[in-house]
Structure formats: structure tokens, C-alpha cells
Amino acid sequence: MPQSLEYLKETPSQTAGPYVHIGLAPGAAGFDIYKQELGWDIAGPNARGERIRVEGLVIDGTGSPVKDVLLEAWQANADGIYAHPEHAGAVEEGFRGWGRVITDFTTGEWGFDTVKPGAVPGRNGAVQAPHINLWIVARGINVGLNTRLYFEDETEANAADPVINMIEWENRRQTLIAKRNEKDGKVVYRFVIRLQGENETVFFDI
Amino acid sequence: MLKPGEFYQRDREWHPPAYVPDYKTSVARSPRQALISLENTVSEITGPVFGHNDIDGGDNDLIYNYAKPGESAIGERIILHGRVLDENGRPLPHTLVEIWQANAGGRYRHKKDTYLAPIDPNFGGCGRTLTDENGYYYFRTVKPGAYPWRNWVNNWRPAHIHMSIFGTAFAQRLITQCYFEGDPLIAKCPIVNTIPDPAAIDRLIAPLDLNATIPLDTIAYKFDVVLRGRRSTLFENRLEGN
Ligand SMILES: [Fe+2]
């Protein structure tokens, strides 16, 4: 018998279930308990860059909006710096780059306000186009789904993005591009996530 | 100082697959295309950082964190405690752990839960804490009750506590459920059984931990959590392009 490697195994994932709000967004479950719920303010008041709203839907394989999803967002600031000790560079005071949002119980719509992130370094000297990393959990989702939101108006950067270009099927790349609109003078990016079926969103094993 | 490198790839045969027909809700919510495997970049090896300003000291005591002054939640008083480690066996200090659960009767405080077991006016059902410098965490709560759910006509969830854990990187993000040793409903649950390997299911069952009980007061269960580990950078790290 060779020596044992002695690695531990990752704890297996289980679905977040229908009542994920109780733990991660209790106000939405219908009660007030914490001094502050986490993840409502992604960019903070001092963030530089373009203020944007990101909104969308999550659609299941039958074409229906999923109404009990929780999404988490993770993004760099406008300079392309993540608020994390392993990414060199400072972010604005109050910029966290992380947020969590839930879907409306009747419409399935979700949305959050933030700033548009900058390009961030990729592997081997490449540059990654501006993007927001998303993690999606819900009843019926056994392991949280990872995807990325890219921006429609970043045509050149998107065309050079090493992650987008890794997707073999060019028609599927479009599923990661949020559409830019203006609503009441505000820039809104719309991002529809399709869990299954026609135009299924690209999900990553990260 | 050398920065650590990529995370070990997730063992997708150890985790539940997306599509498990016996867990009916997964049928329409499971991607049919293969996941695109992504080598870690700075977007995956970083993640949100939390501190003691984010939470309150009492947030981890579910017996009292929603109770009226002088009152407490009804049910079997338990401590749920353990460590958050990575696959290399290293503790993860100062990481956020959030839990939620039904009350002792199996009822959630949620506007969408209509089960006939009553709401406990002194029980919210959520808690959160940061691990200490040794990766240790603990909660005090009441043992949740089993509850029925719509899947087949007669399905009952084993007593369980939902748990959300961050680690240091978005690649480590995890939500799971903790079950309790000796519960006959575990083996019958279609959600538990989304996990193909019985050895993996065992990792979700918290043993009774008599050493950690408070005599004449609170019984204890131990639940260790393991998040993904990462390679050292002794030989090469081209993560950030140099
Ligand atoms: Fe549950």
C-alpha cells in the first residue's frame, strides 16, 4: 500500500431550499432580526466609475420564471481591483464588490445597483473583459451555479476575453452578455439566465 | 511570501449531479449542457471578506436572538459546533457561517411556509457567526423538527440545519445541510439521496458530541465543514500572468 495522501474531501453541497431567505435575507422571509442584513450595498457611496443597475430573470426549463432564487454577485471596482488581500491595489472605502439579491416572489424579477467593473487580469498576461461573477442557488439546484455577466457595450474587450473565447459554441457566448438600456436616465443592464433548454446560459465549473 | 495558487478542482462525482429525477424540482432547474471548466483567475481566487462589524455577538444564539426579553425558543436545546477546514486540513479563520432552520415543530418562519405546525413566537430560525482564529464556530439553537414536503405524496425531511459558508474565495462558496446522527428519515430523503456516494452523505451527519454538552443544560452535535483546498505555489504560479 502506498502512503495515504491525507487530503480531506470537500463537504458535499445540498440545495439551498425554498426558505433560503430566512438565513440569508430574513427581511424577505417576513421578519426583522439582524442589525444589518449583508450584501445589500455592493459598491458603497465612494465608488468611482459608472453607476449602473443590473436586473433580470432566471427562467427554468419549462420557460417559467424561477421565483425563489438567491443570487450572489462578486465584482472588481471600476479600476479592475477586487476588494481582497490577494489582489494588489486598494479599493474605495466602503467598496466590497459583493452583494446578494433575491427574486421577487410574484414576478421572479431581480436587480441590484452597483458600479460597472473594470477589466481585470487574466491568466498568463491576458486581460479579462469587465464582468460580474454570479452564483445562483435555489430549491432544485443541487450545487450552486456559477456564471459570468459581461457587458454589451464592451464589444472589443469581450471579443478578446479569454473566458468567453474558451466557449466552443459561438452562439452560446451571447448568453453571457447583458443588454444595455436606459430607464429614467439610469443605465440598466438586463441579464436573463436560462437554466435549461433553448439558449441555456453557459455555467462554469470554476 | 509566496501566494497560494489554484483551488483543487471540485469533485463533481462527490457532489450531487444537477439532474436527479427523484428530487422533482431539480428536473426543470438543472442545466443540460456540460459546465465549462474554467482554470482559476483572480475572479475566482478572491471573494468577500467579512469582519466583526458585519454581525453582532448574539447572532449565533438562536435560542435568544429573536426571543422576547426573559423568554426563549421552545425545543431541545442544542449546541452545533465544529471547524471550517480546507481540503489540506488547514483551518479557515474569520470566515462567515450562516445557518437557517425550522423550529422544533418543523415550521419555518417564512411567508411561504404554510405547514400546520405552529410558529414559535420566540424563534426566528437564523444565525450567523465568524470562525475564530482556529476555524472554530459554534451556534446554540433548538433541534429542528422533521417536516413534510411536496415531492412524492409522503415525503418528510429529516431534521436539518441549512448552512452557508464562504471561505476566502468565490470558488469555495458552499451551501449545504447538516443532519443529525440516528435519524431514520435521512436514508429516505430524496434530497439527501441526490448525493450518490454514501460516504459523502455521512459527511453531512453530525454526531452527538457528549463532551461538548453543557450538563443539565444543552446537548451538543459536532459538524465540521471542509471547503476546497488549493495548491501551493512552490514551483509555478502563472495565475496573474508573470
Ligand atoms: Fe429545510
Side-chain angles (χ1 to χ4, degrees), chain A residues 7-19 21-24 26 29-31 33-35 38 60-62 66 74 82-84 86-87 96-98 105 120-126 128 131 133 135 137-145 163 166-167 195-196 200 202-206, chain B residues 3 10 14-16 18 25-26 28-33 35-39 41-49 54 56 65-66 85 87 89 98-100 108-113 124-126 162 164 170-171 173-177 191 194-195 200 203-204 225-228 238-241:
Chain A
Y7 292 113
L8 304 177
K9 291 292 283 182
E10 188 188 11
T11 298
S13 171
Q14 290 269 266
T15 177
Y19 306 125
H21 319 90
I22 296 173
L24 308 188
F31 66 107
I33 182 166
Y34 293 139
K35 170 187 71 180
L38 299 173
D60 72 13
T62 75
V66 183
W74 174 241
Y82 284 101
H84 188 273
E86 284 186 43
H87 199 183
R96 178 165 259 170
W98 171 80
F105 289 143
V120 300
R123 295 174 67 91
N124 305 324
Q128 304 189 75
H131 64 276
N133 307 283
W135 185 67
V137 296
R139 177 171 69 101
I141 295 177
N142 292 326
V143 184
L145 296 168
V163 170
M166 216 174 55
I167 303 164
L195 296 179
Q196 189 188 96
E200 182 179 305
V202 169
F203 297 104
F204 296 103
D205 189 9
I206 66 171
Chain B
K3 281 201 266 183
R10 212 160 225 164
W14 179 255
H15 285 284
T25 315
S26 77
R29 295 183 172 194
S30 41
R32 289 296 191 271
Q33 301 298 326
L35 301 178
I36 306 284
S37 290
L38 199 60
E39 290 171 283
T41 72
V42 70
S43 298
E44 289 78 34
I45 64 165
T46 57
V49 177
D54 289 314
D56 279 324
N65 72 5
Y66 196 71
L85 306 165
E87 289 172 296
E98 297 162 290
I99 63 170
W100 66 101
Y108 283 98
R109 182 177 287 280
H110 191 288
K111 53 174 117 168
K112 294 281 179 188
D113 187 3
C126 58
H162 297 265
S164 154
F170 213 51
R173 194 76 182 84
L174 184 74
I175 281 181
T176 190
Q177 300 184 29
I191 289 178
T194 58
I195 299 171
R203 297 279 77 76
L204 298 184
V225 175
V226 179
L227 301 183
R228 290 168 71 186
R238 303 182 65 193
L239 258 185
E240 291 181 63

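Note that these values count all heavy atoms, side chains included, but never hydrogens, waters or copies made by symmetry. Reminder, nothing fancy here: chain letters follow the sequence lines and each chain counts from 1.
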Quick one: which of [options] has the most heavy-atom pairs under 4.5 Å with chain A, could you say?
| options | answer |
| --- | --- |
| Thr176(B), Leu204(B), Val225(B), Ile195(B) | Thr176(B) |
| Arg10(B), His15(B), Arg203(B) | His15(B) |
| Leu174(B), Val49(B), Leu227(B) | Leu174(B) |
| Gly125(B), Ser37(B), Gly124(B), Pro48(B) | Pro48(B) |

Nearest 0.5 angstrom please: [X] [atom1] to [Y] [atom2], how far?
| X | Y | atom1 | atom2 | answer |
| --- | --- | --- | --- | --- |
| Phe203(A) | Leu35(B) | CZ | CG | 8.5 Å |
| Leu38(B) | Asn133(A) | CG | CG | 9.0 Å |
| His162(B) | Leu24(A) | NE2 | CG | 10.5 Å |
| Ile206(A) | Ile45(B) | CD1 | CD1 | 11.5 Å |
| Trp74(A) | Thr46(B) | CH2 | OG1 | 5.0 Å |
| Tyr66(B) | Phe31(A) | OH | CZ | 6.5 Å |

Please check: side-chain N/O of [X] versus main-chain N/O of [Y], any donor-acceptor pairing under 3.5 Å?
| X | Y | value |
| --- | --- | --- |
| Gln14(A) | Ile191(B) | yes |
| Trp14(B) | Glu10(A) | yes |
| Ser26(B) | Ile141(A) | no |
| Thr11(A) | Val226(B) | yes |
| His110(B) | Ala29(A) | no |
| Glu200(A) | Pro31(B) | no |

Are any non-hydrogen side-chain atoms of [X] and [Y] less than 4.5 angstrom apart?
| X | Y | result |
| --- | --- | --- |
| Val202(A) | Gln33(B) | no |
| Trp100(B) | Pro26(A) | no |
| Leu85(B) | Leu8(A) | yes |

Test Thr15(A) against Gln177(B) for side chain to side chain contact (heavy atoms under 4.5 Å, CB included), laying out the working first. CA-CA 8 Å; Thr15(A) 177; Gln177(B) 300 184 29; 3.8 Å; yes

Sort Ala18(B) into side chain, backbone, both or neither according to what part of it lies under 4.5 angstrom from a heavy atom of chain A.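 For Ala18(B), backbone heavy atoms alone lie under 4.5 Å from chain A.
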
Listed partners of Arg96(A) passing side chain to side chain donor-acceptor pair (under 3.5 Å), at least two apart: Asp54(B)

Going by side chain to side chain donor-acceptor pair (under 3.5 Å), name the residues that satisfy it together with Ser164(B), two or more places apart in sequence or in a different chain. Glu98(B), Arg173(B)

Taking every non-hydrogen pair under 4.5 Å, which of [options] racks up the most with chain B?
| options | answer |
| --- | --- |
| Ile22(A), Val120(A), Asp60(A) | Ile22(A) |
| Tyr34(A), Phe204(A), Tyr82(A) | Tyr34(A) |
| Gly97(A), Gly23(A), Pro12(A), Gly17(A) | Pro12(A) |
| Met166(A), His84(A), His131(A) | His84(A) |

I need the minimum non-hydrogen distance between [X] and [Y], along with the two atoms involved.
| X | Y | result |
| --- | --- | --- |
| Ala16(A) | Ile175(B) | CA-CG2, 3.9 Å |
| Ala138(A) | Arg29(B) | CB-NH1, 4.0 Å |
| Ser43(B) | Gln128(A) | OG-NE2, 3.9 Å |
| Ala28(B) | Thr62(A) | CB-CG2, 4.0 Å |

Taking side chain as everything from C-beta outward and backbone as N, CA, C, O, which of these in Ala83(A) sits under 4.5 Å from a heavy atom of chain B? Side chain, backbone, both or neither. backbone

Geometric class of the Tyr108(B)/Tyr19(A) ring pair [parallel <30°, tilted 30-60°, perpendicular >60°]: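 Geometry flag for Tyr108(B) against Tyr19(A): tilted rings.
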
Going by an N to O cut-off under 4.0 Å, is there a salt bridge joining Glu39(B) and Arg123(A)?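 Salt bridge between Glu39(B) and Arg123(A), a charged N being under 4.0 Å from a carboxylate O: yes.
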
